[in-house]
Amino acid sequence: MERGMSFPYGWSLKSTRLFYVGSTALLLTLATAAFAADAPPVGPKAETPVVAKSPDTTPQRLLDADKEQQNWITHHKDYSAQRFSTLNQINAGNVKGLKVAWTMQLGGVEGGGIWSHGGLEGTPIVEDGFMYVTDGWGSVYKVDTHGGKGLLLWKMDPKTDHDWAGAVACCGVDNRGVGLYKDLVISHTLDGRLIATDKETGQVKWQRQVADPDKGEVVTGAPLIVKNMAITGVAGAEYGIRGWIAATDLDTQKEVWRTYTLPKKGEPGSETWSGTNSQETTGGGSTWVTGSYDPATNTIVWGVGNPGPDWDNAYRPGDNLYTDSSLALDADTGKIKWHFQHTPNDPYDYDSVAENVLVDVDGKKLALEADRNGFGYAVDRTDGRFLWATPFVKKVTWTKGIDPETGRPVEYDSSKQVQVYNPEATPIRSREITDICPGNMGGKNWPPTAYNPLLKTWYVPVIESCNRITIKPETKANKPRDFFTGGGPSQPFRITGSVTAIDVTTGKVVGKHETPYPDLAGILATPDLVFSGEPSGQVYALDAKTLQRLWEFNTGGGVNAPPMTFSVDGKQYVAILVGMGGAWDKWFIDSTPELKKVQPGSTLYVFAL
Amino acid sequence: MMVMKFCVTVSAAAVVAILVSGTVNAAENSLESGQAIYKRANCVGCHKWHGDGGGGYGGAALSLRKTELEKPQIMETVKCGRPGTGMPYFSHDSYPSDGAPQCYGLTSNDLETMHVAQASVFLRPEEIEAVADYVIGNIKGKGDPNLADCVAFFGDESKACDVYKGGGHHALPTPTTTQ
């Protein structure tokens with residue numbers, strides 16, 4: 001230590017240079033000193049970051065992600081989106097002893113646009129002990145988890161334009177996490193950018209505008225990295241966008257393909273938009289949940305959201321393809337291979353953005369999707385053929401059921417351009433107010449399901465709900481950046497939740513763990529446990545077979561993000577982001593009035609035995 | 001002195017400038033503009049920046065551009081909220097538990113049954129008047145929002161108003177990294 005250079009906070013009126021004195025004397029220039037306001041002061045006791053280089057995340061490693069037991073290197077754990085980890089150090093026998101290992105405060109709680117605060121919905125990514133998480137405004141944090149503690153290595157702040165994006169984000173200031181590609185961390189921002197950040201330094205290598213908030217487009221999902229591409233989905237159906245899925249070449253930064261989820265006039269599917277209003281300007285069909293990928297057939301399976309306007313289905317006669325559908329795309333070209341639509345001519349806002357879980361069982365290749373409309377579906381993922389559907393919510397009023405042959409609601413009438421299903425529980429222009437079950441949030445929303453291949457059981461995070469829809473017919477085309485919904489929901493009914501287990505061999509519900517509030521977190525499955533969280537603060541573990549609650553911990557915040565697990569230094573951890581955000585505490589809180597007490601927050605929790 | 005703690009290297013002149021601007025900010029706070037209150041109280045959340053409200057996930061907020069309410073009625077609506085709708089009350093003493101009712105003859109006992117929503121921030125009487133003046137002077141009776149309205153609300157730095165310029169290519173922000 002050079003004593004002559006020692007200043008308490010290293011600041012000097014006369015010098016244009018700054019000397020920080022720590023375990024290593026660092027010379028910071030004027031340019032970098034601006035960052036010091038955010039950085040922790042470096043003092044004699046500062047910890048030295050572990051200098052271990054992160055490995056390259058090759059396309060081959062991503063294909064084999066399920067074999068990297070200690071890691072979680074892609075959004076849904078692996079391309080199948082099963083969110084199943086084989087780690088079992090933490091198990092049904094000892095989970096009672098699970099305790100907080102460490103926590104870290106993140107940022108991004110500030111508001112913007114129509115939002116009073118941001119929240120956390122991301123899944124942490126872990127590669128060989130290095131964790132990458134995001135906050136709601138898209139800042140990326142790299143955390144070293146070695147040695148039983150968390151050490152922030154860098155934070156990349158993309159400087160998201162809060163008002164530009166926040167004014168057209170229907171459902172919160174959210175970001176669901178990153179992807180990894182070679183030496184890059186790939187992330188999105190709410191204001192529509194795809195950003196590549198150097199894993200080691202945290203410096204941005206390049207960025208590209210993929211979505212346009214001028215049109216009401218924002219991006220909240222994590223990118224799916226397939227081969228040399230980042231696949232991006234878009235949000236904005238409540239603003240009448242025309243949805244798409246886009247692939248960016250991560251080596252050349254060029255767009256490889258962009259497939260619109262609403263066909264142009266003349267394209268296959270355009271006959272399902274028979275009115276005079278154009279699906280190309282107002283049709284919806286957003287794609288804001290990360291999809292899955294089947295390498296065997298080189299097929300990306302991705303969920304598509306509701307048509308616009310949400311509740312006024314007379315505005316858009318016809319089945320409205322490919323809204324409310326699961327869509328299979330050729331990974332190299334984006335060409336549509338097959339589709340399966342859940343709610344044709346949807347008058348409920350029952351979108352199908354949910355992830356498709358790719359499962360092989362009894363010689364069948366399935367894609368499983370738990371829909372906002374309250375039914376869990378299995379289709380043959382080689383051709384989209386319907387196999388079965390089962391209600392996973394306690395109450396469904398909009399239909400009497402799903403036709404076991406066609407997979408369509410039994411009341412679906414192909415001779416009608418505007419569907420009414422169960423007329424008592426279907427919003428219609430001639431009646432201002434209609435109560436629907438499930439409510440428009442579901443069913444099952446974006447929080448991900450998990451599948452245990454040992455038990456062949458699929459776990460759904462459920463919103464057990466009804467709500468009230470008030471119709472306000474749309475009479476003209478939408479204005480960019482203005483809500484275009486044809487009405488709105490209100491919440492006169494209490495909403496609860498559950499984790500519901502479905503036996504995939506039979507398609508039947510085999511268990512339900514009921515919770516006082518909706519499950520806004522999502523699920524992690526391990527060999528004999530199921531983890532989830534509650535918006536009232538609890539993170540908990542269930543026995544995978546009995547769904548009995550074996551452990552819980554109250555984080556003191558609102559859990560609105562899925563748990564994940566990893567192992568470092570030979571020890572297993574469970575990690576989860578905590579900080580209520582999203583649509584619930586703005587639009588749906590009256591159905592869960594006690595949750596008004598939950599304060600905004602932004603914390604990473606990591607648990608261990 | 002908090003300012004100086006975070007300024008790692010500045011000239012003496014800059015310190016003076018910061019202290020002066022701090023004084024200016026304090027003065028602005030005591031005379032907070034109606035527009036600033038409109039933002040702070042999250043009127044934007046339902047009525048939008050332009051006040052035109054409209055449908056959406058929150059239900060339909062009334063249009064303040066098309067409203068026929070006069071200033072005293074706007075002040076009453078902000079103070080008391082609109083029971084049974086999403087419009088919350090913004091004054092802490094609007095629904096007292098004892099004493100004379102201030103709003104619609106209701107007391108705090110009626111809040112739940114009458115579905116009266118409470119705002120996340122409370123405003124003082126002069127702040128309620130300032131935000132009502134802002135609505136009357138800048139929003140009520142105006143036609144469709146335009147570029148000038150938008151820039152007056154967001155300033156020049158956000159891209160929020162680019163849509164009124166016909167959109168187009170946007171300069172990408174410069175991310176920053178801290179280590």
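By convention in this document, chain letters (A, B, ...) are assigned in the order of the sequence lines, proteins followed by strands, and residues within each chain are numbered from 1.
Going from atom CD1 of I195(A) over to atom CG of L172(B) covers 8.5 Å, rounded to the nearest 0.5 Å.
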Legend entry - Intermediate values then yes/no, side-chain contact (heavy atoms from CB on, under 4.5 Å), K39(B) and D163(A): CA-CA 11 Å; K39(B) 290 178 181 174; D163(A) 287 325; over 6 Å; no
Inset, instruction - Tell me, with the steps shown, if V163(B) and K479(A) meet side-chain contact (heavy atoms from CB on, under 4.5 Å). - result: CA-CA 10 Å; V163(B) 68; K479(A) 281 184 281 184; over 6 Å; no
Inset, instruction - Could you check K159(A) against T176(B) for side-chain contact (heavy atoms from CB on, under 4.5 Å), going step by step and ending with a plain yes or no? - result: CA-CA 7 Å; K159(A) 300 294 177 192; T176(B) 59; 3.4 Å; yes
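If you measure heavy-atom distances from D590(A) to chain B, you find no contacts under 4.5 Å at all. Neither the backbone nor the side chain of K596(A) comes within less than 4.5 Å of any heavy atom in chain B. When heavy atoms are compared at a cutoff of 4.5 Å, T174(B) approaches chain A solely by way of its backbone atoms N, CA, C and O. Contact annotation for H50(B): only side-chain heavy atoms (C-beta onward) come within less than 4.5 Å of a heavy atom of chain A. Using a 4.5 Å cut-off between heavy atoms, Y239(A) does not touch chain B at all.
In plain terms, the two heavy atoms of K159(B) and D214(A) that are nearest each other are O-OD1, 4.2 Å.
Between chain B and the options G113(A), C170(A), C171(A), P158(A), the largest number of non-hydrogen pairs under 4.5 Å is found for P158(A). Taking chain B as the reference chain and counting heavy-atom pairs below 4.5 Å, the highest number among E474(A), Q203(A), Q207(A), H162(A) is found for Q207(A). The candidate with the highest count of non-hydrogen atom pairs below 4.5 Å against chain B, out of T201(A), T189(A), T197(A), I469(A), is T201(A). Counting heavy-atom pairs closer than 4.5 Å to chain A, the top-ranked of the candidates G86(B), C161(B), C43(B), P173(B) is P173(B).
A donor-acceptor contact closer than 3.5 angstrom links the side chains of D161(A) and S158(B).
Of the possible donor and acceptor atoms, none in the side chain of W154(A) sits under 3.5 Å from a partner among the backbone N and O of Q179(B). At distances below 3.5 Å, not a single donor-acceptor pair connects side-chain atoms of T177(B) with backbone N or O atoms of M156(A).
The 12-atom threshold is exceeded at CZ of R40(B), counting heavy atoms of other residues, nucleotides or ligands nearer than 6.0 Å. Atom NZ of K215(A) has 12 or fewer heavy atoms from other residues, nucleotides or ligands within 6.0 Å.
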